[in-house]
Amino acid sequence: MKTKIIYSLFMFVVLFTACKEDKEKPELKPHQSIEAPVAKKVAEELTAHGDTRIDNYFWMRLSDKQKNAETADTQTQDVLDYLNAENDYKKAAMKHTEGLQEKLYDEIVGRIKKDDSSVPYNDNGYSYYTRFEKGMDYALYCRKKLEEGAKEEIILNGPEMAKGFSYYGFGGRSVSPDNKLLAFGIDTVSRRRYTVSFKNLETGEVLSDKLNNTTGGAVWANDNKTVFYTSKDSVTLRANKIYKHVLGTDQSQDELVFEEKDETFSCFVYKSRSDKFIVIGSYQTLSTEYRYLDADTPNGEWKVIQPRERDLEYSVAHFGDHFYIRTNLNATNFKLVKTPITATTKENWEDVIPHREDILLEDFTAFKNYLALGERKNGLSTIRVMKWNGEQDHYIEFNDPAYLAYTSTNLEFDTNILRYSYTSLTTPSSTIDYNMETKEQKVLKEQEVVDPNFSKDNYVSERLYATARDGVKVPISLVYKKGVEKSANTPLLLYSYGSYGSSSEPYFSSNRLSLLDRGFIYAVAHIRGGQEMGRHWYEDGKLLKKKNTFTDFIDCGDYLVKEGFTSADHMYAMGGSAGGLLMGAILNMKPELWNGVVAAVPFVDVISTMMDETIPLTTFEFDEWGNPKNKEYYDYMKSYSPYDNVEAKTYPNILITTGYWDSQVQYWEPAKWIAKLRELKTDDNLLIMDCDMETGHGGASGRFARYKRTALSYAFMMDLEGIKE
């Protein structure tokens, strides 16, 4: 009897202890019970300046020839196997969120008006617009004559044309001066290499002329039969040649009218708004050059406006007897000058809008009686309207604390109406006609949010300033739903880009409502490397000052935590492309500040990419990142390159996205990165990659399909927050 009692007490203690241990033992997260892919390691020694880097995943790179081959070689198959394994792991690890993803996707596309259409614009006797029919992923491109009772002409039927294609991207569309012919570009691979075709708009016939390997557009001379187009280098995809094509001839007979032989430059061609000139532009980060040709004489002589010079940038528009030029000549924040068509070099440039230290001149549009200027003051976009005779000079007023306003499609010259677009973090995008004479405004259309519960009054936006570690004030724009409490438990998503002088704008997004309505705060960090605060903001965030971009973002995150908006346990970061580089850098520099990071098509293997001049964009971007063949730049790049700085330490939860056909950030950069992260990281946090095997840098081509990835990104963050629906 005594033995039984002792045994019973012993079993009670064992069971009690086991139950206690089970309660204390954390529950496994779904991904922790799934075996993650392990990429094979093949050591590749990469040596420069006496320094050797070992890249175990260098083998993942494939050439276009390998990717397009009908029969995969061993290397190609190994790459495909690994990418598919990562996709399978992502699917398994996120399987428990599939219901949430579907709900998010339905929400996002549900807010989009299914039979929407654009605001028409007038050009050469016709009104042009696009419209969607219910359920259609692609648009109908339409026009009507500017006359009473005119019937709609569908000039391109997107839904019909895209049938049978997994990707169908439209490039440029241009109509001949006599309104009879349409040139249009199509990309079915997602490598941004377009074939230009021609359609007779009177008969509906598609002509036999085909222009392959173009940037997507064609520019008409005034004879209605000659077009100029840009072709790409077959290896680097650099836009490097301008050809002249005469309808009815084979592309092999096209005349090369300009070749950009400097590998750091690309080129393009366009027609002046006056329809008087065909213009070829050559550009790189720090220099531009333009040449022009009378559009009435397509076989005539091209003339250079101002020969290229290092650090001299300019852009050109035609008005009357002058070219109007936006330039940084002795003007860090750019200025507007004019020069006679007969004397175009910089010695003849006369100031129209002089340089200002506190205002960045971003663009301009000339009308018969007015000049409209796109300017940026105190980090915000503005529109200034001036009368040529000096009688008027004023700014259009806007009320939101953070917003985006910019001139839109203004093809008519003899008019007092300026069309512009406006949006803010709380205001859907609007198209507005502004009478420059009377200052009257007419909202032609505000983006419709198909949700009976939506009201822009339900949301609040703020403009804040974080102090960076070097004392610089960095703007932050943020938005949240009224009633959301700012606390250490509040989820917050911080976004930025921060490169190429591209400003991260505070615009409205209807799909973002799925985050805001679930209690997220959304914030945009206007960090250096963009151009929000003027040209110096860009200059202080590139080359040997690139780390300012990363530290600004981290300092903005620290500021938001310090001010009580969120905490490191509930803060998320997101960026794509060069913004993906930003994500990679902050993950290495301060991983403990983020609960999760979404890195979209991320540029993370900085040195290897910039050392390889056969990769698209490399030579073109030396002035953005530096040339690592110079030891000073090599050493600096190596100090921040995300791939080269992965360490054996704890990283937060990470979602990486890429596209197999990406021509801007090749798929192997994120693929190598995730393989190295898996190899070295010491945590058991979620690390997944979504590789779209059918698309490139911009994702899916249809208007709905692209939101599958948005839903995945949102579900990734919401799941970490314990949000189930």
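- Figure legend: R173 and F184 shown without cation-pi pairing, the cationic atom not lying both under 6.0 angstrom from the six-membered ring centre and within 45 degrees of its axis.
- Taking the ring centre of F367 as origin, the terminal cationic atom of R273 falls inside the region bounded by 6.0 Å and 45° from the ring axis.
- In this structure, CD1 on I242 lies 7.0 Å from OG1 on T215, to the nearest 0.5 angstrom.
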Open item on the list: Working note: K113 + E448, criterion salt bridge (Lys or Arg N to Asp or Glu O under 4.0 Å); need CA distance, chi angles, decisive distance, verdict.
Closed with: CA-CA 7 Å; K113 189 177 181 184; E448 183 177 343; 3.6 Å; yes
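- Between H526 and S503, the side chains place no donor N or O within less than 3.5 Å of an acceptor N or O (distance only, hydrogens not considered).
- The aromatic rings of Y128 and Y126 sit tilted relative to each other, their planes meeting at an angle between 30° and 60°.
- For the pair K547 and D552, the salt-bridge criterion is not met [side-chain N within less than 4.0 Å of a carboxylate O].
- Applying the side chain to side chain donor-acceptor pair (under 3.5 Å) rule to N348 yields the partners T345; only residues at least two apart in sequence or on another chain are considered.
- Every residue two or more places apart in sequence or in another chain was checked for a ring-ring contact (aromatic ring centres under 6.0 Å, His included) with F265, and none qualifies.
- Of the residues V479, V449, L404, L425, the one that meets the side-chain contact (heavy atoms from CB on, under 4.5 Å) test with F508 is V449.
- Sparse packing is recorded around CG of N399, with 12 or fewer heavy atoms of other residues, nucleotides or ligands lying under 6.0 Å away.
- For R376 and E362, the salt-bridge test passes: some basic side-chain N is under 4.0 Å from an acidic carboxylate O.
- Sparse packing is recorded around CG of N378, with 12 or fewer heavy atoms of other residues, nucleotides or ligands lying under 6.0 Å away.
- How far CZ of R308 is from CG of L286: 13.0 Å, rounded to the nearest 0.5 Å.
- Around atom CG of D321, no more than 12 heavy atoms belonging to other residues, nucleotides or ligands sit under 6.0 Å away.
- Residue E347 places its CD atom among more than 12 non-hydrogen atoms of other residues, nucleotides or ligands, all under 6.0 Å distant.
- With rounding to the nearest 0.5 Å, the separation of CZ in R384 from CG in L361 is 9.5 Å.
- Put simply, CG on N416 and OH on Y370 are 5.0 Å apart, with the number rounded to the nearest 0.5 Å.
- The aromatic rings of F323 and Y292 stand perpendicular to each other, their planes meeting at an angle above 60°, with 30° marking the opposite boundary.
- Between Y420 and Y434, the ring planes are perpendicular. Angles over 60° get that label, and only those under 30° would be called parallel.
- In terms of modelled atom types and a separation under 3.5 Å, the side chain of Y290 and the main chain of P307 share no donor-acceptor contact.
- Note that K377 lies in the cation-pi zone of Y395, set by a 6.0 Å cut-off to the ring centre and a 45° limit from the axis.
- Classification of D433 and K442 as a salt-bridged pair fails, no side-chain N sitting under 4.0 Å from a carboxylate O.
- The side chain to side chain donor-acceptor pair (under 3.5 Å) check on N458 picks up nothing, with sequence neighbours excluded.
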Task: Trace of the side-chain contact (heavy atoms from CB on, under 4.5 Å) decision for L582 with I527 - done: CA-CA 11 Å; L582 169 64; I527 55 182; 3.7 Å; yes
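- The distance between the ring centers of Y422 and F398 falls below 6.0 angstrom.
- Of the possible polar contacts, one joining the T549 side chain to the R528 backbone as a donor-acceptor pair under 3.5 Å is found.
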